[in-house]
Amino acid sequence: MYFFKRLIVIVLVQLLIFSFIFTLFVFSFNQRREVSKNQSKALASVIAEQASNYFEENDNNFSSKDFFNFLDNQIGVQKLTNAFNVNPPELLAVYFRTDIMKGIVNAGTDDNLNKDDNSPFNKTNKFFFNNKYVAIKPFFIGSSDKPYGVVRIETSNIPILTEVLYNNGIFYMLLFLILNNQAFLFYLWTKKKKSLDLDTGYLKESSLGSIKIMHKLLGDVIQDHKVPGTQKNNPANVLNIDDKK
Amino acid sequence: MNFFRILFTVAIIFSFVSCERLQTKPGVDFLGPVLEVVGEEGKLGYTGKVINNSDKKLTNVLVRYIAKNKDGKIIEAITIPLIGTKGLVILKGEIVDFSFILRSETKNVFNKQLTLDYIE
């Protein structure tokens, strides 16, 4: 029962340390995710602007390959990838309003073609959290009030997760060791001092017993080695405990 | 002496927790985002570019696409081999285009997964 209680305390302390480190990890992850969200929003705005330019010139002559090459020429896909560094956007979708209204495609938007946060198209739950971020930006042609379509960008949060672990892994490990060390020092500080037993002084009964046994054994050994006449020749070499009593 | 023993032990532990495995190795990657559009027949079409970032030429580079419905079940899976200037061999630094169209109804596709696979 004594060891079980100790084990419970150790497990609780470790859980406390892990929860503290996990809080730090979540804080770092959220910070990095916010940066990624802002990047995705900015990119969606840039591509929506380019889509407006493209569709004004090529209204009835749309080709996805031409549009992709147009984007590559205007802003450069290589630059896009470099700007995002860790988690570049995985999927860039261009949907027309007519297709969305007819129900051909579900873009994860509301009636005004703005992002619908509750739409299941904008969520992918894995590892107990939503690991997909979707930025949606409508684009217009000419002076029309209604959007011609939407630009939708999907980015995954998993690369951010691994990046935070990669960059801070050693820090979390060191923190774990230091906090464990601190917990052990705290245990030593609060450890109760042994109380003195008034009946036997500073020695416990078990200690007295062992000393008595040792005393008897030594006495027997000395007795066995007693040779008549030796004590007289060199009395300083042998100590007779029985004589001192 | 004990100090050096502890130092040695800690060094061994830290060499195992260096998180190097979390860093992605150079290989083939998508160059920029993959463009998704709805085609004339109302089917989803994909266009993109792939680049060989490794120091070697790679063979049998495949683009794999998996579409899932709202219940998480796979409704379509496509594998496309990439063909470069030397056929199925993609040279170092070479950029290859790809495009494909799904057969499934667009409105049924809830989750999409695009991956790259290759042999060195």
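A note on names: the letters A, B, ... follow the listed sequences, proteins ahead of strands, and every chain is numbered from 1. Nothing here was measured: the structure is a model prediction, and the numbers come from that model.
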Counting C-beta onward and ignoring hydrogens, is there a side-chain heavy-atom pair between [X] and [Y] closer than 4.5 Å?
{"X": "Val34(B)", "Y": "Leu92(A)", "answer": "no"}
{"X": "Val38(B)", "Y": "Tyr95(A)", "answer": "yes"}
{"X": "Leu91(A)", "Y": "Tyr46(B)", "answer": "yes"}
{"X": "Lys49(B)", "Y": "Asp72(A)", "answer": "yes"}

Heavy-atom cut-off 4.5 Å, strictly under: side chain, backbone, both or neither for Leu114(B) against chain A? side chain
Non-hydrogen atoms of chain A under 4.5 Å away: do they reach the side chain of Lys112(B), the backbone, both or neither? side chain
Decide if atom [atom1] of [X] counts as having more than 12 heavy atoms of other residues, nucleotides or ligands within a radius under 6.0 Å.
{"X": "Ile101(B)", "atom1": "CD1", "value": "no"}
{"X": "Gln50(A)", "atom1": "CD", "value": "yes"}
{"X": "Phe27(A)", "atom1": "CZ", "value": "no"}

What's the separation between atom NZ in Lys43(B) and atom CD1 in Ile104(A), rounded to the nearest 0.5 Å? 10.5 Å
